[in-house]
Amino acid sequence: MPEHEQDGQEREFDLRWADGAEHKEPSARARMLAARWKHNPPGPVPFRAAPEHVSSHRRSSWISTAVVLGCVAAVIVLLGYVNFRAPY
């Protein structure tokens, strides 16, 4: 039997053996949290937390629209000026 097939069979056997174990040791993080929560259990946490910072004053939509249109107009004028000044 080729060596790579034998390695694959040994690995499959090891995985089946490990999955069939009656007791699995918890991870290091699980052990750390269990020790921490034994003396100081965590409090309830909402599923979705409320936003941290909500802006109290909000610009009206027409001001934002005016700013965007002003910027677009400034770019158009600037490009027109550059094309007008460019020598042919």
Side-chain angles (χ1 to χ4, degrees):
M1 179 179 284
E3 187 175 325
H4 68 280
E5 285 182 23
Q6 186 177 4
D7 288 343
Q9 286 180 349
E10 286 179 14
R11 182 171 176 260
E12 184 177 332
F13 174 75
D14 288 344
L15 289 175
R16 278 187 278 139
W17 175 79
D19 289 339
E22 288 184 27
H23 174 73
K24 294 183 182 180
E25 185 176 330
S27 67
R29 178 167 174 76
R31 290 192 308 266
M32 177 200 66
L33 289 175
R36 181 184 301 169
W37 291 345
K38 186 175 183 180
H39 300 290
N40 187 14
V45 178
F47 175 70
R48 189 173 298 221
E52 298 264 336
H53 175 69
V54 177
S55 179
S56 60
H57 91 278
R58 198 178 154 111
R59 270 195 305 209
S60 63
S61 63
W62 69 269
I63 292 178
S64 297
T65 303
V67 168
V68 169
L69 291 177
C71 290
V72 169
V75 167
I76 290 172
V77 168
L78 179 66
L79 290 175
Y81 179 74
V82 169
N83 285 337
F84 180 73
R85 300 263 313 167
Y88 290 104

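All residue numbers in this chain count up from 1 along the given sequence. All figures in this text were calculated on a predicted structure; none of them were measured in a lab.
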Answer yes or no: does atom CZ of Arg31 have more than 12 heavy-atom neighbours from other residues, nucleotides or ligands under 6.0 Å?
-> yes

Applying side-chain contact (heavy atoms from CB on, under 4.5 Å) between Thr65 and each of Val68, Val67, Leu69, report the one that passes.
-> Leu69

Any chance you could measure Cys71, atom SG, to Ile76, atom CD1, to the nearest 0.5 Å?
-> 11.5 Å

